[in-house]
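Sequence positions, counted from 1, serve as the residue numbers for this chain. Whatever order the structure lists them in is the order used to number ligands and atoms, beginning at 1. Computation of the quantities below employed the complete heavy-atom set of this structure, encompassing side-chain atoms and omitting hydrogens, waters and symmetry-equivalent molecules.
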Amino acid sequence: MAEYKYKRVLLKISGEALMGSLAYGIDTETVKRFAGEIKAAHDKGLEIALVIGAGNIFRGLSSAAAGIERSTADYMGMLATVMNALAMQSALEELGVDTRVQSAIPMQTVCEPYIRRKAARHMAKGRVVIFAAGTGNPYFTTDTAAALRAAEMECDALLKGTQVDGVYDSDPKTNPNAKRYDKLSYHKVLSDDLRVMDASAVTLMRENKIPIIVFSLADQGGFDRVMAGQGVCTIIGS
Ligand code: UDP
């Protein structure tokens with residue numbers, strides 16, 4: 001069994017990944033599969049925090065365009081991340097993984113409010129912590145929330161689970177000759193506008209010297225392999 005390179009990581013899962021083959025909402029089979037991958041890594045001693053997006057339910061920007069006032073639409077998007085977080089908590093606890101949800105928008109009857117020191121303590125005790133409601137502020141995204149929490153929790157890496165197995169020089173879905181980068185610098189991601197994550201998230205990771213690892217969540221066992229340094233991915237660093 002390969003040793004992990006990292007002790008504590010933050011895994012960002014986009015809301016869209018939770019849809020599976022559905023057109024909208026939460027595919028419970030997909031959530032269960034992700035929970036299984038997280039449990040396998042957790043069983044090997046990895047400390048894991050999660051940030052989950054909400055693109056499967058609600059996206060502030062597109063709803064703003066459709067007529068809802070932007071900040072209100074963003075708050076709706078943040079509330080949608082709480083639903084995804086609760087679905088993931090349920091799937092993880094079903095597998096016997098102790099999990100806490102902390103929301104950046106306090107809602108004590110549903111989950112804990114975000115308290116940095118308490119979250120760190122949960123992690124040290126081996127609990128998976130799911131950070132919900134993004135940063136708690138409109139005009140941000142869950143990518144930035146993931147970077148912020150990764151820095152606050154002093155994570156060794158920020159993992160971005162996507163539908164593709166890394167960052168390519170062009171879209172691999174349309175260009176069969178697209179080349180995947182094994183490694184990239186923060187600077188290249190920003191200067192070439194590679195859109196792996198928001199620029200604010202990449203900048204925060206650069207300032208805090210936390211590598212960003214982009215990998216595919218669609219591959220069974222992908223999380224374990226990437227953590228063991230054997231998986232297909234792109235590592236963004238200095
Ligand atoms: N959002 C926000 N502030 C945050 C995080 C999220 O306003 O700190 C809102 C925003 O409207 C966004 C929505 O929540 O569109 C869902 O998040 P995101 O688009 O990042 O989800 P993903 O693309 O990862 O599924």
Side-chain angles (χ1 to χ4, degrees), residues 9-28 30-31 33-35 38 48-89 91 101-107 110-116 119 129-153 158-164 167 171 189 194-205 212-218 223 236:
V9 300
L10 191 140
L11 171 61
K12 157 78 205 290
I13 303 175
S14 72
E16 269 168 22
L18 300 191
M19 290 195 302
S21 54
L22 303 178
Y24 173 86
I26 301 170
D27 176 38
T28 47
T30 302
V31 177
R33 191 171 67 71
F34 292 162
I38 292 161
I48 307 167
L50 299 173
V51 166
I52 308 179
N56 56 324
I57 302 173
F58 197 91
R59 232 181 249 289
L61 204 54
S62 46
S63 303
I68 299 177
E69 187 264 325
R70 171 70 195 265
S71 299
T72 303
D74 280 343
Y75 280 115
M76 292 167 75
M78 286 184 263
L79 294 179
T81 70
V82 181
M83 288 197 253
N84 283 336
L86 294 178
M88 183 56 79
Q89 177 178 40
V101 175
Q102 290 203 345
S103 171
I105 298 173
M107 46 181 97
V110 176
C111 58
E112 293 181 5
Y114 174 63
I115 299 171
R116 186 183 67 85
V129 181
I130 308 177
F131 296 113
T135 63
N137 300 293
Y139 297 98
F140 285 91
T141 66
T142 51
D143 275 0
T144 302
L148 177 64
R149 298 297 184 236
E152 287 184 281
M153 289 299 116
L158 167 59
L159 280 100
K160 171 139 178 168
T162 67
Q163 315 288 26
V164 278
V167 185
D171 188 350
V189 172
L194 290 175
R195 292 176 191 252
V196 185
M197 289 194 119
D198 299 340
S200 52
V202 177
T203 304
L204 200 55
M205 293 298 84
I212 303 169
I213 303 174
V214 184
F215 73 107
S216 169
L217 268 172
F223 184 44
I236 303 165

Going by the atom numbers of ligand 1, which of them fall below 4.0 Å from some non-hydrogen atom of [X]?
X      : result
Gly15  : 22 (P), 24 (O), 25 (O)
Gly53  : 21 (O), 22 (P), 24 (O), 25 (O)
Thr135 : 4 (C), 8 (O)
Gly55  : 21 (O), 22 (P), 25 (O)

Among [options], find the one that has a side chain to side chain contact (heavy atoms under 4.5 Å, CB included) with [X].
X      : options                        : value
Leu50  : Met88, Arg149, Gln89, Lys12    : Met88
Met197 : Val214, Val189, Thr141, Leu158 : Leu158
Asp198 : Thr203, Leu204, Thr144         : Thr144
Asn84  : Asn56, Val31, Val51, Ile13     : Asn56

So which protein heavy atom does [atom] come closest to, and at what separation?
atom                    : answer
atom 10 (C) of ligand 1 : Asp74 OD1, 3.4 Å
atom 19 (O) of ligand 1 : Arg59 NH1, 2.9 Å
atom 13 (C) of ligand 1 : Gly77 CA, 3.8 Å
atom 2 (C) of ligand 1  : Phe140 O, 3.1 Å
atom 17 (O) of ligand 1 : Thr142 CG2, 3.6 Å

Give yes or no for whether the N/O distance cutoff of 3.5 Å, strictly under, is met between [X] and ligand 1.
X      : answer
Tyr75  : no
Gly134 : no
Ala145 : no

Exercise for review: Could you check Ile105 against Tyr75 for side-chain contact (heavy atoms from CB on, under 4.5 Å), going step by step and ending with a plain yes or no?
Suggested key: CA-CA 9 Å; Ile105 298 173; Tyr75 280 115; 4.0 Å; yes
Review point. Would you call Ser103 and Met78 a side-chain contact if the rule is heavy atoms closer than 4.5 Å?
Key: no
Check your understanding: Given Ala54, Ser62, Gly60, which has its nearest heavy atom closest to atom 12 (C) of ligand 1?
Key -> Gly60
Check your understanding: Can you tell which of Ile57, Asn137, Leu61, Thr141 gets a heavy atom nearest to atom 5 (C) of ligand 1?
Key ->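 Looking at heavy atoms only, Thr141 sits closest to atom 5 (C) of ligand 1.
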Practice item. Report the C-alpha distance between Met107 and Val82 in whole Å, list the side-chain angles of each, state the deciding distance to 0.1 Å, and finish with yes or no for side-chain contact (heavy atoms from CB on, under 4.5 Å). Key: CA-CA 10 Å; Met107 46 181 97; Val82 181; 3.8 Å; yes
Review point. Mind checking whether Lys12 has a heavy atom under 4.0 Å from ligand 1?
Key: yes
Review point. Does ligand 1 have any atom that is closer than 4.0 Å to a heavy atom of Pro138?
Key: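 Distance cut 4.0 Å: Pro138 passes for ligand 1.
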Review point. Quick one: does Gln163's side chain have a donor or acceptor within less than 3.5 Å of a partner on Ala218's backbone?
Key: no
Exercise for review: For Tyr114, enumerate each residue passing the ring-ring contact (aromatic ring centres under 6.0 Å, His included) test, keeping only those at least two apart in sequence or located in another chain.
Suggested key: Phe131
Show which side-chain atoms of residues 64-71 pair as donor or acceptor with protein atoms under 3.5 Å away, not counting sequence neighbours.
| from | atom 1 | to | atom 2 | distance (Å) |
| --- | --- | --- | --- | --- |
| Glu69 | OE1 | Thr72 | N | 3.2 |
| Glu69 | OE1 | Thr72 | OG1 | 2.6 |
| Glu69 | OE2 | Ser71 | N | 3.3 |
| Arg70 | NE | Asp74 | OD1 | 3.4 |
| Arg70 | NE | Asp74 | OD2 | 2.9 |
| Arg70 | NH2 | Asp74 | OD2 | 3.4 |

